[in-house]
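Below is one structure, written out as structure tokens, with a few remarks after it.
Whatever order the structure lists them in is the order used to number ligands and atoms, beginning at 1. Sequential numbering from 1 along the given sequence is applied to the chain's residues.
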Amino acid sequence: MIYRTVLFMICIMVHTSLFANDGKTLNLLPLPVEVKLGTGQFQLNEEVVIIAKNSLALEAQKFIEKVQSALGFKINITEDSNAETRIYLILDPQLNSKYGKESYKINVSTKIITIKAGGDEGAFYALQTLRQLLPTEIFSRVELKNIDWTIPCVEILDYPRFDWRGYMLDVSRTFADADYVKHTLDIMAEHKMNVFHWHLVDNNGWRIEIKKHPWLTEKGAWRMQPNYPKRGITGRYGGFYTQEQIRDIVAYAKERHITVLPEIDIPGHSTALLHTIPEFACPNAKTTGYVRFFNDFPQRGKPFDKHEGSNAVCAGNDEVFPFFDEIIEELVSLFPCEYIHIGGDEVNKEWWEACPKCQQRIRDEGLSDSDELQAYFIKRLESIINTHNKKLIGWDEILEGGITKSSTIMSWRGNRGALTAVQNGQKTVIASNQGYYFQKDQTDNPLHPKQWPGMLTLQTAYEYEPIPLNMPQEQMDLVLGIQSALWTPFTNKPDLWDLAVYPRNFAVSENAWSESGHKNWEEFQQRVQKHRLRLAYEGVAYWREASERVGQWTSEDLKSPKGLVIDVTSFLTQAGKYLIVLDHTTGTDGLEIRSVKFLKNGKPIASDFHYGTTEEGSDKDRMYFVDLQSLEKDAKYELEIGASGFGGMDSNGDIHMFKP
Ligand code: ACM
Ligand code: ZN
């Protein structure tokens, strides 16, 4: 018993020493390696100058552009100055050799801030941290007066746990426009994430312009959605990125020190491709219905894989390899990333099993089965990719049937694939569906849109430990990092994606950047609470648990010419994206909703126009984000809801509002 008590006390002591990091008090996210809070503060005002040269002056410029909308004044950059209050940005080769180009040190005293960086990346990340050290309002998109812009005196040493801190977005199931992609990159950069994995091609749409094969997007980027026309929405759905847009996005990412990893998912998940070029399907497969699925939209409740059915490019067809060579050639010209992601997951081999060409290939190459045929296919792709001086990365199924050691494995079925990969001596990225798949529901709150079966809470994402603690060092060195993902079959509005991604991506950024020894769920939760106010100022539509019922509607309201207007002045606490959810409770008729607006002193100032319904058993798109850029004291704020009874007037329900 005494032994146990002593052991417990030692544990507590070890625990506490790890926790002495003032980054927690300062709500820094991700948490830096070491933070020591001093006394006093630095005043940021128009007199302050930033002293930086060359590439660091560019880093300083990016910081200034970010903060000047809130400050309302511009900070000057110069190569030399003896102004009374100064911020120095310096490259430090020692820091670079010890902790790498992403490392940095910040020393804030009352008159001078010195930032030393291992490289431009380190300077960029230091300035993200500096922004978080300022009052929350620094994230505002509009000028805020009467804020004391101070930075506490502090010493920080920081560098990342992992080199690869990724996030994947599936734009095939649902298309996102270029602005949304840039918004995603902005939020990633603020959280020191540095790989944007762009899932550009899958069954449900080919989203990248290929100059040599324009029909891939002319035909393959569009599908018919039989569910939608009955609501008055056109049945043709889709979109794609032109090469010009892609170059622009890649450059935008580079400014934020983010690498864009393109994925063309083959040989499975190829319905969009086979719809466009049916000759690439196995000859026996042409009538098995892939076009039908392509014309369908994924339905909740139908297992996705079964629904997709066969989806593979014929591995016995020699024409497909020169074709992929041409595709890869164009990818290489667009993406400076050292890797090309070829997918390789969930290849349905039914067609291969029955295909004379695939079976001939198996005999010719002395392969034993379809798994080895898959490995053959991937190896041929790898040699094509290597001739373009790039490396192949693929989902963990590419381990099946044998694979070259030079390929890199992205482990999605938990971390099993990663463990096999490092035992083989292969590099790996852990993108586990158990820890980091954001299409899974994060709450059982009935007001949250339903997504994918299965639950993955913020706590699960935070506490998920990607690597076994006893992994030998030489294997650990092969783990490049971790990555989260959003697959988008169920959510067709990017605001709803933000809801799914944040705050869970904060947890991933913390796990990717900060040492796992600091983990403490209670503490992290408090930091997220504070941190989300920063994101509120930026207008990010993240999920929050607590809602308030701000009003109700009744049959009488629907009959009244005045419509639905609710005074919400007392509910509004700060600027940000407010989430309003309408919830039908009683009556035989639901509600058809057209718009939700904020009125300030009777005048509309912000709105979300889209068609939504709430009825018993079938709610659709009934969440409204209304973005309040600033909040003025003494003004009267109302919520105006444009809606009518669905079928009749017998309808009653609640109006919920989620504060930023
Ligand atoms: C995957 O989720 N199929 C990679
Ligand atoms: Zn075949």
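- The residues K349 and D371 are annotated as salt-bridged, a charged nitrogen and a carboxylate oxygen being separated by less than 4.0 angstrom.
- Electrostatic pairing of R361 and D318 counts as a salt bridge here, judged by a charged N lying under 4.0 Å from a carboxylate O.
- Between K182 and D179, no side-chain nitrogen of the basic residue sits less than 4.0 Å from a carboxylate oxygen of the acidic one, so the salt-bridge criterion is not met.
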For ligand 1, list every N/O pair with the protein closer than 3.5 Å, one pair per line with the distance.
from	atom 1	to	atom 2	distance (Å)
ligand 1	2 (O)	Y437	OH	2.6
ligand 1	3 (N)	D345	OD2	2.6
ligand 1	3 (N)	E346	OE1	3.2

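- Ion pair E510/R527 flagged as a salt bridge, since at least one NZ, NE, NH1 or NH2 atom sits closer than 4.0 Å to an Asp/Glu carboxylate oxygen.
- Side-chain contact annotation: T408 with Q426, donor-acceptor N/O pair under 3.5 Å absent.
- Shown are I378, I342, I398, L381; of these, the side chain to side chain contact (heavy atoms under 4.5 Å, CB included) with S407 is made only by I398.
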